[in-house]
Amino acid sequence: MKQKLESITQPDDAFPTYDEAIWTTVGYIPKGKVATYGYIAALAGFPRTARAVGRALSKLPDNTTIPWFRVINAKGVISFPIGSEKYGCQKQKLLNENIVLYNGKINLKRYHWEI
DNA sequence: GCGTTGACGGCGG
DNA sequence: CCCGCCGCCAACG
């Protein structure tokens, strides 16, 4: 993985596959910060593919080191059914980084990652 | 090729 | 602020 930050903004076939591009980009989200699906898609070089980002993340193995839990939707909400195991898992990982939810929502003004 | 399916986004009501 | 509708787009059957 020799890709550097600059390649995030200028992807041009910098990655072999769409999934690789997404996973790598997600890996750049700093601890304590979050990013929306659409934002990740744009940085990876595939604007308007927010939905596909979720699909790509769903392919990750359970033991992955990629911080998939730092990706939330544009409303600042975890994109899993409230109360589901996945939901609780993601919420816990975020809390571990001091990212708090207020009424189920994360304050994007405060926690969203900006390049 | 075509219709369906999502860990989505934005806008209007 | 909370829906709901519609647009988007990569997989999958």
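These numbers were taken from a predicted model, which means no experiment stands behind them. Below, chain A is the first sequence line, B the second, and so on; all start at residue 1.
We find that NE2 of His112(A) is positioned 12 Å from C1' of dG9(B), with the value rounded to whole Å. Atoms CG (Leu108(A)) and C1' (dC8(B)) sit 14 Å apart, rounded to a whole Å. Between the P atom of dA7(B) and the CD1 atom of Ile22(A) lies a distance of 15 Å, rounded to the nearest Å. Here the C1' atom of nucleotide dA7(B) and the CG atom of Leu94(A) are 13 Å apart, to the nearest Å. Between the CD1 atom of Ile29(A) and the C1' atom of dA7(B) there is a distance of 13 Å, rounded to whole Å.
Between Lys75(A) and Leu108(A), every side-chain heavy-atom pair lies at or beyond the 4.5 Å cut-off. Side-chain contact check for Trp23(A) versus Lys59(A): some heavy-atom pair is nearer than 4.5 Å. Residues Asn73(A) and Thr36(A) fail the side-chain proximity criterion, which asks for heavy atoms closer than 4.5 Å. Counting heavy atoms from C-beta outward, Tyr18(A) and Thr49(A) have side chains that approach closer than 4.5 Å.
In summary, of the residues considered (Leu57(A), Thr25(A), Val34(A)), a side-chain contact (heavy atoms from CB on, under 4.5 Å) with Val71(A) occurs for Leu57(A) alone.
In terms of heavy-atom proximity, Ile106(A) sits nearest to Tyr111(A) at CG2-CD1, 3.7 Å.
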Decide yes or no on side chain to side chain contact (heavy atoms under 4.5 Å, CB included) for Phe46(A) and Ile40(A), but give the supporting numbers first.
CA-CA 9 Å; Phe46(A) 298 90; Ile40(A) 292 299; over 6 Å; no
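Where Lys105(A) and Tyr18(A) each meet DNA chain C at their nearest nucleotide, the meeting point lying more 5' is that of Lys105(A).
For DNA chain B, the neighbouring residues in residues 60-90 of chain A, judged by any heavy atom under 4.0 Å, are Trp68(A), Asn73(A), Ala74(A), Ser79(A), Phe80(A).
Applying the side chain to side chain donor-acceptor pair (under 3.5 Å) test to Glu97(A) and every residue at least two apart in sequence or in another chain returns Arg70(A).
Within the 4.0 angstrom heavy-atom criterion, base atoms lie near Ser58(A).
With a cutoff of under 4.0 Å to any heavy atom of chain A, the contacted region of DNA chain C is bounded 5' to 3' by dC1(C) to dA11(C).
With both pairing distances under 3.5 Å, dC8(B) is matched to dG7(C) as a Watson-Crick or G-U wobble pair.
With no hydrogens or angles considered, no side-chain donor-acceptor pair links Tyr87(A) and Ser79(A) at under 3.5 Å.
One can find a donor-acceptor pair under 3.5 Å joining the base of dG6(B) and the side-chain atoms of Arg51(A).
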